[in-house]
Amino acid sequence: MDGVLIKNLSSQVGSEVTINGWLYNRRGSGKIQFLIIRDGTGITQGVLVKQEKPDLFDTAKKIPQESSLRVTGVVEENPKAPGGYELQVNNIEVVSEAEHYPISLKKHGVDFLADRRHLWIRTPKQSAILRIRSEIELAVHEFFNQNDFIQADAPIITPNACEGTTTLFEIDYHGESAYLSQSGQLYNEATAMALGRVYCFGPTFRAEKSKTRRHLMEFWMIEAEAAYFDFEDNLKLQEEMIYHIIQRVLKNRRAELEVLGRDISKLEAVKLPFPRLSYTEAVELLQNKGREFNWGDDFGAPDETAISEEFDSPVFIHRFPTAIKAFYMKPDPQDEKVVLGADLIAPEGYGEIIGGGQRIDDLALLEQRLEEHKLPKEAFEWYLDLRRYGSVPHSGFGLGLERTVAWICGLDHVREAIPFPRMLYCLYP
Ligand code: 4AD
Ligand code: MG
C-alpha cells in the first residue's frame, strides 16, 4: 500500500503524499472546499480552490460522505486544520462511491447509533475509544511481561461454573451440558501451579438478567494468578498494574482523551498506593453518609459510587462477609466470618473494576465449600487435584476490560467500550 498515515503528516511538510481514507465530511463555499478525510489514525483536511482546479473541484463536490478515497496533495502546516496539517489536493481517486450514508453528522439518539454500531465506530469519538482500549490491552501485556507473568489462556467452553450458577450460558456440547466461561480463574490456578505466575486475557460470558450501564453479556477479562502470592502481594500487583495502564494511556493517547473531552486531571490524580478500606469500615462510611446499609449486605452501584466519591484513586474494599463471596475465597485466619477477597472500586462512580483475593489451598475446606454452594463435585475433581498435589498459598484477580475503558475514557455506559457489545435484548449487529 502506497501512502502515508494521517498521524504522520507532520513529518511530510512540503512533500506530495497520498492518503488512503474515507470522506468523513465536507465544508466550504462555492470558492473553496475542505474535504475532511479520516484514515483510522486521524483526521485531516484536503483543500481545493475552485479557481485553481475547477474540474477537480466539481468532481470533489459530488463525492458522497463515507466514500473511500485516495487523496494526493502537498502537506502544509495549518494550526486551524484538524490535526494541525492539511493537504493542498492535486488528485482524488474514488475507490468506491458510497450510497446515501445513514449516519449524518447531526446528533442521533444512542439506540439509532447502536443499531448501526458497524458504522458508528467510524466516528472520531468511537474510534478514539477503541484506540484507547487497544492501548490498555498493550499496557496489560507489557506490565505482565515486565513482572515475569506468562500468558496462558483459559478455555471458553467449560464443564463447570466459577462465579455462581445464576448467570451461566448453557450450551449443548455433543449431547452434554457445557457452559460459556464466566471466568478463567480456575484454569489460571492450574497453570499457576505449572508456571508460577500466569495471566489469561479473553472473553467471558454472563447471562446477566439486568440492564445496567456496567453489565455486558460478553466482556473481556484480564485475570492473573500467582503461586506463593499472599493477599497483600496480590493487592500490590493490582494497583501497580492499574497505575501502569493509566500512565501509558496518558503518555500515548492524550490526543484521544482530548477528543473525548476527558478531564485528564482526574487520571493524573491517581496515585500509589491506593487507599484500602475493610468491608466493615466501608459499611461505617456508608452509614455515616446517611445511607441505609447493614453489615452482611452486598454493595449496589449507588453504594460503590458513594464510597468512590471519597477518593481520587481507585479504592480497595477487602475482607467481605464469607456469605456474599464465591466458594473459593480463603477465610481470614484472624476472623473467619470474612474472606481474604478484595474488590477494586474505580473513582468517579465507575464501580467495581477488579474482583480478586487469596484462594482456599486446603482440600477439606474446599470440598466443604463446594457442598455448601451446591456445586457438583465431579465437575470440580480436576480443580481439587490442585490441592492434592503440591498445594500452595496463591492469589489472583480479574480486571474487567470494558469497565476500565469506560472509566479511563469517561463514558456513561460500557456499551461504547467494546467494538460490538452484547447486551440484554441486543445481539445485532
Ligand atoms: O468480580 P468478578 O465476578 O470476579 C471473577 O470473575 C474472578 N473469578 C476473577 C479472578 O479472581 N480471576 O469479575 C471480575 C471483574 C469485575 O470486577 C468487573 O470489572 C468485570 O469483571 N465484570 C463485568 N464487566 C462487564 N459486564 C459484566 N457482566 C461483568 N461482570 C463482571
Ligand atoms: Mg465481583
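Counting convention: from 1, in listed order, for ligands and their atoms alike.
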For atom 3 (O) of ligand 1, which of the options Gln182, Arg206, Arg359 provides the nearest non-hydrogen atom?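 Heavy atom nearest to atom 3 (O) of ligand 1 belongs to Arg206.
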Side chains of Gln182 and Thr204: is there a donor and an acceptor less than 3.5 Å apart?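 No, no side-chain donor-acceptor pair sits under 3.5 Å.
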When you check the side-chain N and O atoms of Gln358 and His394, is any donor under 3.5 Å from an acceptor?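 No - no donor-acceptor pair under 3.5 Å links their side chains.
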Before signing off on this row, confirm whether [X] and ligand 1 have an N or O atom pair separated by under 3.5 Å.
X: Leu216; value: yes
X: Glu225; value: no
X: Ile353; value: yes

Glu352 atom (N/O/S) at minimal separation from the Mg ion (ligand 2):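 Nearest N/O/S atom of Glu352: OE2.
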Where does Phe219 meet ligand 1, judged by heavy-atom distances below 4.0 Å: at the side chain, the backbone, both, or neither?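 For Phe219, only side-chain atoms sit under 4.0 Å from ligand 1.
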Under 4.0 Å, heavy atoms only, figure out whether ligand 1 is touched by the backbone of Ile354, its side chain, both or neither.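 For Ile354, only backbone atoms sit under 4.0 Å from ligand 1.
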Mutual orientation of the aromatic rings belonging to Phe320 and Tyr279 [parallel < 30°, tilted 30-60°, perpendicular > 60°]: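 If you compare the ring of Phe320 with that of Tyr279, the planes turn out tilted.
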Residues, nucleotides or ligands: over 12 heavy atoms within 6.0 Å of Asp172 CG: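 Counting other residues, nucleotides and ligands, CG of Asp172 exceeds 12 neighbours.
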Please determine whether side-chain contact (heavy atoms from CB on, under 4.5 Å) holds for the pair Phe143 and Tyr243, giving the CA-CA distance in whole Å, both sets of side-chain angles, and the decisive distance to 0.1 Å. CA-CA 10 Å; Phe143 175 81; Tyr243 188 76; over 6 Å; no
